[in-house]
Student: 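Just dropping this structure here.
Residue numbers start at 1 and run along the sequence shown.
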Amino acid sequence: MGASTSLKVRLPAFVFVLEVVMIALYAIFVTYDDNSNAKLQNNETNPMENSMYRDYPYFADVQVMIFLGFGCLLAFFRFYGFSGMVFNFLTATFAIQWAILVQGFFQFYHDGKIHLGVINLLNAEFACAVVLISFGAVLGKTGPVQLLAMALLEIPIFAVTEWAVLKYIRINDAGGSILIHLFACYFGLGVTFVLYRPSLNKGHPKETTSYDSDILSVMGTLFLWVFWPSFNSALTFKGDDQHRAVLHTFLGLSSSTITAFALSAMFNKRGKLTMADIQNVTLAGGVTVGASVDMMISPVAAYALGIMGCTACFFGYKYLTPFLAQHLRIQDQCGIHNLHGLTGLISSTAGICAILLATEETYGPSMYQIFSHRAPPEGDPKLLELQKLIPGLKPGLGRTAQEQALFQVAAIFSTIAVAGVGGLLTGLVMKLPFMALPSDENCFDDQLFFDVPSDFQVVKAIESFDRTEKAENLNSQV
């Protein structure tokens with residue numbers, strides 16, 4: 001078994017090949033954008049107007065979410081802390097550099113080059129978040145080579161989906177509820193469906209948490225919670241749109257948090273709080289407000305969405321996750337269908353409602369900036385009138401609210417379909433023998449891929465002794 005999962009050849013070979021490809025692609029295609037090119041700076045350019053100062057704070061915040069938030073959150077298993085954090089680190093680092101290239105060809109490519117600035121890094125981190133959410137579905141049951149392969153395949157599928165939806169379907173999705181959360185969720189479920197392990201439906205001896213691992217995981221929750229307003233507002237229009245995005249995200253997170261505490265105590269048999277609820281369900285509000293986060297939905301609607309998302313997420317963990325595993329062969333290890341799938345669907349529905357209810361009376365002329373596809377097309381006299389009120393307003397498609405709502409629905413179903421199929425195909429690749437797939441027995445165990453310190457063995461021995469003693473006591477009672 002040790003030979004079949006050894007990383008001695010597999011991981012270095014995979015990484016070095018990827019790096020050779022990266023060097024070639026970066027050398028041929030990547031250059032600086034106007035804001036980072038020294039040649040374009042002179043005594044007429046104001047350094048403080050550089051996009052660095054507009055985009056870097058959001059990049060830094062999302063960076064914390066990616067490496068600390070996800071990293072700590074995924075370290076909740078007692079014997080899988082190294083793997084949860086370190087595999088997150090490895091996968092995220094590769095996913096970002098790969099996404100810079102792949103997204104660059106679709107969004108920042110002109111004059112034969114990908115023009116690189118901080119905004120590229122920010123977009124790449126959103127693509128990375130997609131991979132890390134999908135990773136949650138197969139946590140504990142995959143190795144580093146498999147995860148790199150998943151990132152290698154998922155990033156292009158996501159980038160093409162993102163490009164097609166934004167260019168041809170043209171939707172409003174400021175917080176990424178459709179393109180990030182729904183895509184990541186159903187891609188991950190597709191992967192875990194292929195990697196189904198029947199024996200794990202009965203549980204696994206190492207599928208346990210500890211006092212320390214739960215504390216580390218809730219630290220990840222806090223990092224995500226604190227910086228989620230930046231995640232939802234980073235790519236919105238600067239000004240009042242971004243302001244509303246921050247307000248709505250905070251209100252949604254706040255209401256979902258206190259609701260999670262209430263539901264956890266209410267449905268615990270002993271009336272106590274469950275750490276798994278605190279680690280995951282509290283974050284539901286951040287997803288639920290995403291699709292309408294920059295719209296004039298009202299503060300109370302954001303608050304209500306947080307409660308709705310939290311409630312759906314909580315009962316999803318309690319009832320839906322076991323059902324999916326037992327009846328549909330979907331072992332969703334971290335419950336991404338609850339935190340990102342169900343809440344993403346609620347958010348998308350709320351976004352459609354907000355689009356249908358949007359009027360000039362509520363938004364003023366800025367409605368055609370927020371809902372840019374409803375702006376009058378080129379040549380329409382109304383466009384000239386609006387451009388006097390909002391200089392720089394671009395021509396739109398002249399869609400009605402009902403038409404835009406239908407395009408939102410089309411984007412939801414097409415995104416889910418592409419993600420699901422992409423996940424199934426990626427799962428087949430990850431299942432190939434040379435991917436170092438852990439055996440059922442070695443799942444949720446750092447020792448398979450890491451040199452672990454001596455106290456790790458002591459902890460495992462104590463855990464094994466406790467399980468044996470409990471079994472003997474149970475047999476004696478029988």
Side-chain angles (χ1 to χ4, degrees), residues 65 69-70 72-74 76 129-130 132-137 139 175-178 180-189 192 209 214 217-218 220-229 231-232 248-268 273-293 301-325 328 330-351 412 416 419:
M65 295 179 72
F70 278 104
C72 293
L73 183 64
L74 296 176
F76 62 91
V130 170
L132 298 184
I133 292 168
S134 300
F135 172 25
L139 180 72
S177 292
I178 299 172
I180 294 177
H181 297 286
L182 286 182
F183 182 95
C185 169
Y186 290 99
F187 190 98
L189 296 186
T192 195
T209 64
D214 272 332
S217 184
V218 86
T221 300
L222 293 174
F223 278 119
L224 292 171
W225 201 102
V226 168
F227 290 106
W228 209 297
F231 186 92
N232 275 356
H248 293 159
T249 305
F250 182 81
L251 290 172
L253 284 169
S254 298
S255 63
S256 70
T257 297
I258 60 174
T259 305
F261 277 82
L263 291 174
S264 184
M266 182 186 301
F267 286 90
N268 184 288
L273 298 174
T274 303
M275 281 300 288
D277 298 333
I278 311 305
Q279 291 159 356
N280 296 288
V281 182
T282 53
L283 298 170
V287 181
T288 318
V289 298
S292 58
V293 74
Y303 196 91
L305 282 171
I307 296 174
M308 292 170 59
C310 172
T311 304
C313 183
F314 178 84
F315 288 110
Y317 273 105
K318 192 170 182 65
Y319 301 111
L320 186 56
T321 297
F323 176 84
L324 292 176
L328 298 180
I330 298 175
Q331 294 167 327
D332 183 7
Q333 196 61 49
C334 292
I336 63 171
H337 189 249
N338 311 312
L339 183 55
H340 301 278
L342 296 178
T343 53
L345 291 171
I346 294 171
S347 178
S348 302
T349 304
I412 293 169
I416 291 174

Student: Are Phe267 and Phe314 close enough that some pair of their side-chain heavy atoms sits under 4.5 Å apart?
Tutor: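 The answer is yes; the side chains approach within 4.5 Å.
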Student: How close do Gly175 and Val293 get, counting heavy atoms only, and between which atoms?
Tutor: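 Closest approach of Gly175 to Val293: N-CG1, 4.0 Å.
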Student: Quick check: closest heavy atoms across Met65 and Phe223, and the distance to 0.1 Å?
Tutor: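 Taking every non-hydrogen atom into account, CG-O, 4.4 Å.
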Student: List the atom of Ser348, the atom of Ile412, and the distance in Å for their closest heavy-atom pair.
Tutor: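 For Ser348 and Ile412, the tightest heavy-atom pair comes out as CB-CD1, 3.4 Å.
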Student: Is a donor on one side and an acceptor on the other found under 3.5 Å between the side chain of His340 and the backbone of Cys185?
Tutor: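 Answer holds: no.
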Student: To the nearest 0.5 Å, how far apart are OG in Ser254 and CH2 in Trp225?
Tutor: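 Reported to 0.5 Å precision, the distance equals 4.0 Å.
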Student: Can you tell me how far apart CG (Leu73) and CG (Leu132) are? Round to the nearest 0.5 Å.
Tutor: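 Atom-to-atom, Leu73:CG and Leu132:CG are 10.5 Å apart.
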Student: Does a side-chain heavy-atom distance below 4.5 Å link Thr221 with Leu283?
Tutor: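 Touching, per the 4.5 Å side-chain cut-off.
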Student: Quick one: do the Tyr186 and His337 side chains pair a donor with an acceptor below 3.5 Å?
Tutor: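 Looking only at side-chain atoms, His337 and Tyr186 do form a donor-acceptor pair, the distance falling under 3.5 Å.
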Student: Evaluate the side-chain proximity of Cys334 to Phe135: yes if any heavy-atom separation is below 4.5 Å, no if none is.
Tutor: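 Phe135 does not reach Cys334 side chain to side chain.
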Student: If I take atom CD1 from residue Ile307 and atom CD1 from residue Ile258, how far apart are they, to the nearest 0.5 angstrom?
Tutor: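 Rounded to the nearest 0.5 Å, the CD1-CD1 separation comes to 7.0 Å.
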Student: Counting C-beta onward and ignoring hydrogens, is there a side-chain heavy-atom pair between Leu224 and Cys72 closer than 4.5 Å?
Tutor: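 In short, these two side chains do not touch, never coming nearer than 4.5 Å.
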Student: Do the side chain of Asn232 and the main chain of Gly286 share a donor and acceptor less than 3.5 angstrom apart?
Tutor: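 Yes.
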Student: Is there a side-chain contact (heavy atoms from CB on, under 4.5 Å) between Gln333 and Thr192? Walk through the geometry before answering.
Tutor: CA-CA 9 Å; Gln333 196 61 49; Thr192 195; over 6 Å; no
Student: Check Ser256 against Cys310 and note the closest heavy-atom contact, atom names and distance.
Tutor: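 For Ser256 and Cys310, the tightest heavy-atom pair comes out as O-SG, 3.2 Å.
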Student: Please work out whether the ring planes of Trp228 and His181 are parallel, tilted or perpendicular, with thresholds of 30° and 60°.
Tutor: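 Geometry flag for His181 against Trp228: parallel rings.
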Student: Heavy atoms only: give me the nearest Val287-Thr343 pair and the separation to one decimal.
Tutor: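 Result for this residue pair: CG1-OG1, 3.3 Å.
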Student: Are there more than 12 heavy atoms of other residues, nucleotides or ligands under 6.0 Å from atom CZ of Phe227?
Tutor: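 Yes, CZ of Phe227 has more than 12 neighbouring heavy atoms, counting only those of other groups under 6.0 Å.
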Student: Less than 4.5 Å apart, any side-chain heavy atom of Ile133 and any of Phe70?
Tutor: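 They are in contact (side-chain heavy atoms under 4.5 Å apart), so the answer is yes.
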Student: Can you see whether Thr282 engages Thr257 through a side-chain donor-acceptor pair at a distance of less than 3.5 angstrom?
Tutor: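 No pair is found: no donor N or O on one side chain lies under 3.5 Å from an acceptor on the other.
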Student: Leu263 and Asn268: side-chain contact (heavy atoms from CB on, under 4.5 Å), yes or no, with the steps?
Tutor: CA-CA 8 Å; Leu263 291 174; Asn268 184 288; over 6 Å; no
Student: Nearest 0.5 Å, please: how far is CG in Leu182 from CG in Leu345?
Tutor: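 Atom-to-atom, Leu345:CG and Leu182:CG are 5.0 Å apart.
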Student: Regarding Asp332 and Thr321, is there a side-chain donor-to-acceptor distance under 3.5 Å anywhere?
Tutor: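 Distance-only check fails for Asp332 and Thr321.
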Student: On a heavy-atom basis, which atom in Pro322 and which in Tyr317 lie closest, and how many Å separate them?
Tutor: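 Looking at all heavy atoms of both residues, the closest pair is CD-O, 3.8 Å.
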Student: Is there a donor-acceptor pair closer than 3.5 Å between any side-chain N or O of Ser255 and the backbone N or O of Tyr303?
Tutor: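 Confirmed, Ser255 side chain pairs with Tyr303 backbone.
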Student: Looking only at atom types and distance, does a side-chain atom of Ser264 sit under 3.5 Å from a main-chain N or O of Ala260, one as donor and one as acceptor?
Tutor: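 The answer is no, because no donor-acceptor pair under 3.5 Å joins these two groups.
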Student: So how far is it from Asp214 CG to Ile278 CD1, rounded to the nearest 0.5 Å?
Tutor: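 Between Asp214 CG and Ile278 CD1, I get 10.5 Å after rounding to 0.5 Å.
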Student: In Å and rounded to the nearest 0.5 Å, what is the OG to CE distance from Ser217 to Met275?
Tutor: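 Rounded to the nearest 0.5 Å, the OG-CE separation comes out at 7.0 Å.
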Student: With the side chain counted from C-beta on, respond yes when Leu342 and Leu320 share a heavy-atom pair under 4.5 Å apart, and no when they do not.
Tutor: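 Yes - at least one pair of side-chain heavy atoms lies under 4.5 Å apart.
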Student: Leu253 versus Pro229: any side-chain heavy-atom pair under 4.5 Å?
Tutor: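 With C-beta onward as the side chain, the pair touches.
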Student: Taking Ser177 for its side chain and Ser347 for its backbone only, find out whether a donor-acceptor pair lies under 3.5 Å.
Tutor: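 Checked: no pair found.
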